Visitor: 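I'd like to ask you about the structure that follows.
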Amino acid sequence: MKTFLLNPLFIVVLFITSSSWAGSLVNVSTLNKTLQKQKATWVAKENWLTQLSKSEAKRMMGLRKTPPLDVQFVVPLSMTQDTLPPSLDWRNKDGRNWVSPILNQGNCGSCVAFAAIGVMETQLNISSLLPNLNIRLSPQHLFSCGDGACNYGWMPESAASQLVRTGVTDEACMPYTSGASGKDVACQASCSDLSQRIYKISDYNSPTESTMDVDAIKRALQKGPLMTSLNVYADFMSYAGGVYKHVSGDYLGGHAISIVGYDDVSQSFIIRNSWGDSWGEEGFGHISYEDTSGVGEATWGFDIPTIGGAISLTTPRDYTYMTGTVSLSAESTFNNTDGISYAIYGSNSQVIWSGVCQGPNCSVSLDSSKFQDGRYEIQALATNAHGDNLGASTKQFFYIVNQTPELKLSFTGLGRVDLSKPLKGRIEFSISAQSSGVPMSSLEFHYKDPSGKETVRVSNVVLDQMTTGWRTNLIPNGRYEIWMIGRLQSNSFGLSIETSHSIVTIQN
């Protein structure tokens, strides 16, 4: 079982595929032979992206402004007198990881928003001197309110400008759903107290513009990560590790990522992608300074003044399920922090519970059994000896589930799909996933092929009504057994429900 991304968004696209049949975007076995023959510096592997169709992959290329392909201006290395360290990696700077977690944009061309959010979250960590500041910002809000769209993407400069002018809210205010649904979300879908939950950058800069200047990028990286763009070819989708250089495959479109470091020994940039942790080196990768993809030709850095202090809510985090008595914890870097107060908000954005602990790094106990089951938000505030508020953490959302929920799960063929008749091509299922009190925490699609091998795909965002596509042209013909399992997992118990198993015939 494999979940295709890390906290906090938990969005995966259920492309149910096989790894060895015709029709996939990349033939990984053939590509690895080519890489070995050419003595390439990287390797390929199967992942959820390699089995996409070309049109599905192109949909994820949401960069509306790509670097020029015909002419590239290059500034030679060491043209300045700057003395730069031979390597820098914000994942291990001064022994600490300042980079926010890997996310997954899913089935939507929202890469620009994810790249911008990744840079901003990391820069906030750096400016606060608190690597685990844990500010989780909303790619959905930035994308939806900046005129981005799943089908045609967005522009990096527009994202940077948006962060200066109107800013972005936290993830709890407007969770990301376009990756699971493939649909755009209206800007108005944000929370009611949006205006009180906005984060901005003071300015942005462009260390490079239509010119490859490695030294300029390295100098800019000393202050923090950079948003950049690149042209994606099919082989990039299967990158598994090493230093990437384009070798083969069709051009798919423009993509936005961030640069979080560099290494002069391997002559490469260290990048952070938005395709989940099953791509590359757990979501990260290295791209050669000399690669033709255009990475680094256009870059954007965000200016956030040094924060005199900050407070991070460490537990709970977004998408946490809690049962019974649990611990709430936070950490403050304000010099005169005497205590931390916690506030839990109900559905009407009013405080319904508060608690206090002493010191800059402390915890309180919460008896969640006193609350009705449902979704709540929490915030931590640092206070001094006089009780004055020094600063507040970002709000996180979580679920309380003490009553055993009633789970109901079913699926049927969508549209003209009749499961009793031979199936071919891409088919869709309509899923009903009902859970009283709180939504299920995960949904699994299982299928067993004619040889008896079972394959599982997982989504950790579960809506009451969902649609899942199964690309049967990528698997061999024959009889298959298919079913689904819904789960609800908290800190102290786990429930599951399994649908009836259906026998279907694939005949492409």
Side-chain angles (χ1 to χ4, degrees), residues 5 9 11 13 49 57-68 99-100 102-123 136-169 171 174-179 182-185 187 199-201 203-210 224-232 236-237 251-260 269 271-276 279 283 285 287 293-302:
L5 73 159
L9 292 185
I11 303 290
V13 183
L49 296 140
K58 280 179 170 289
R59 177 178 168 83
M60 297 177 63
M61 304 301 131
L63 182 73
R64 291 177 60 187
K65 181 180 180 181
T66 60
V99 179
S100 60
I102 290 293
L103 306 176
N104 194 328
Q105 70 188 77
N107 185 28
C108 177
S110 53
C111 57
V112 169
F114 276 82
I117 290 298
V119 170
M120 185 173 178
E121 288 177 343
T122 301
Q123 194 64 59
R136 293 292 168 260
L137 303 177
S138 171
Q140 189 73 72
H141 177 258
L142 182 62
F143 193 59
S144 298
C145 298
D147 295 326
C150 287
N151 285 334
Y152 60 80
W154 204 21
M155 294 172 286
E157 185 113 11
S158 296
S161 178
Q162 180 91 349
L163 290 174
V164 174
R165 290 183 290 105
T166 59
V168 63
T169 189
E171 169 68 9
M174 194 171 182
Y176 183 65
T177 60
S178 288
K183 298 178 180 179
D184 295 319
V185 176
C187 179
Y199 294 82
K200 294 183 178 182
I201 62 176
D203 202 355
Y204 66 93
N205 56 85
S206 299
T208 56
E209 294 183 77
S210 300
L226 301 171
M227 178 167 56
T228 190
S229 57
L230 74 157
N231 295 297
V232 172
F236 187 70
M237 309 293 275
Y251 170 70
L252 300 176
H255 183 49
I257 57 173
S258 60
I259 304 176
V260 298
F269 297 116
I271 67 161
R272 176 189 191 272
N273 205 348
S274 56
W275 293 344
W279 179 90
I287 297 183
S293 65
V295 64
E297 286 187 3
T299 53
W300 295 265
F302 297 164

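In this text, all values refer to a predicted model and were calculated from it rather than measured experimentally.
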Visitor: Listed by chain and number, what are the ring pair (Phe, Tyr, Trp, His ring centres under 6.0 Å) partners of Phe302, not counting sequence neighbours?
Guide: none
Visitor: Measure across Trp279 and Gly285 and return the closest heavy-atom pair with its distance rounded to 0.1 Å.
Guide: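 That would be CZ3-N, 4.5 Å.
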Visitor: Treating Ser161 as the side-chain partner and Glu157 as the backbone partner, does any N or O pair qualify as donor plus acceptor under 3.5 Å?
Guide: no
Visitor: Search all heavy atoms of Phe143 against all heavy atoms of Cys108 and return the closest pair with its distance.
Guide: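 That closest heavy-atom pairing would be CE2-SG, 3.8 Å.
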Visitor: So, does Thr228 use its side chain to make a donor-acceptor pair with the main chain of Ala298 at under 3.5 Å?
Guide: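 Flag set: sc Thr228 to bb Ala298 pair under 3.5 Å.
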Visitor: Check whether any side-chain heavy atom of Ile287 sits under 4.5 Å from a side-chain heavy atom of Leu230, and report yes or no.
Guide: yes
Visitor: Mind listing the closest non-hydrogen atom pair of Met237 and Val232 along with its distance?
Guide: SD-CG1, 4.0 Å
Visitor: Roughly how far, to the nearest 0.5 Å, is OH of Tyr204 from CG of Leu163?
Guide: 10.0 Å
Visitor: Carefully, step by step, assess His255 and Ser293 under the rule side chain to side chain contact (heavy atoms under 4.5 Å, CB included).
Guide: CA-CA 10 Å; His255 183 49; Ser293 65; over 6 Å; no
Visitor: Nearest 0.5 Å please: distance from the CG atom of Leu63 over to the CG atom of Asn231.
Guide: 8.0 Å
Visitor: Give a yes or no answer on whether the side chain of Trp300 reaches the backbone of Pro156 with a donor-acceptor pair at less than 3.5 Å.
Guide: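 The answer is no, because no donor-acceptor pair under 3.5 Å joins these two groups.
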Visitor: Among side-chain atoms of Gln105 and Ser110, is any donor-acceptor pair under 3.5 angstrom?
Guide: no
Visitor: Please confirm whether the ring centroid of Phe114 lies under 6.0 Å from the ring centroid of Trp275.
Guide: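 Not close enough - the centres of the two rings lie 6.0 Å or further apart.
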Visitor: Should we count CG of Asp147 as having more than 12 external heavy atoms under 6.0 Å?
Guide: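 Open.
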Visitor: Show the numbers, then the answer: is there a side chain to side chain contact (heavy atoms under 4.5 Å, CB included) between Ser100 and Arg136?
Guide: CA-CA 8 Å; Ser100 60; Arg136 293 292 168 260; 3.9 Å; yes
Visitor: Rounded to the nearest 0.5 Å, how far apart are CD of Glu171 and CD of Glu121?
Guide: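 Rounded to the nearest 0.5 Å, the CD-CD separation comes out at 9.0 Å.
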Visitor: Looking only at non-hydrogen atoms, find the nearest pair between Ile259 and Gly296 and report the distance.
Guide: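 Nearest heavy atoms, Ile259 then Gly296: CD1-CA, 4.4 Å.
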Visitor: Quick one: closest heavy-atom pair of Met227 and Val112, and the distance?
Guide: SD-O, 4.0 Å
Visitor: Donor-acceptor pair, Thr299 side chain versus Thr208 backbone, under 3.5 Å?
Guide: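 Pair found, side chain donor or acceptor close to backbone of Thr208.
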Visitor: Check Ala116 against Leu142 and note the closest heavy-atom contact, atom names and distance.
Guide: CB-CD2, 3.9 Å
Visitor: Hey, are the side chains of Ser274 and Leu103 touching, using non-hydrogen atoms and a 4.5 Å cut-off?
Guide: no
Visitor: For the atom pair CZ (Phe269) and CD1 (Ile257), what is the distance rounded to the nearest 0.5 Å?
Guide: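 Answer rounded to 0.5 Å: 10.0 Å.
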Visitor: Measuring from Gln140:CD to Thr177:OG1, what's the distance to the nearest 0.5 Å?
Guide: 4.5 Å
Visitor: Is Leu226 close to Pro207 at the side-chain level, that is, under 4.5 Å between some pair of heavy atoms?
Guide: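 They are in contact (side-chain heavy atoms under 4.5 Å apart), so the answer is yes.
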Visitor: Taking atom SG of Cys145 and atom CE of Met174, what is their separation to the nearest 0.5 Å?
Guide: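 Here the rounded value is 5.5 Å.
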Visitor: Quick one: are Met60 and Cys111 in side-chain contact, heavy atoms under 4.5 Å?
Guide: no
Visitor: Tell me whether Arg59 contacts the main-chain N or O of Gly182 through its side chain, where contact means a donor paired with an acceptor under 3.5 Å.
Guide: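 Checked: pair present.
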Visitor: Mark yes or no for whether Gln123, through its side chain, and Gly301, through its backbone, hold a donor-acceptor pair below 3.5 Å.
Guide: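 No, because the side chain of Gln123 does not come within donor-acceptor range (under 3.5 Å) of the backbone of Gly301.
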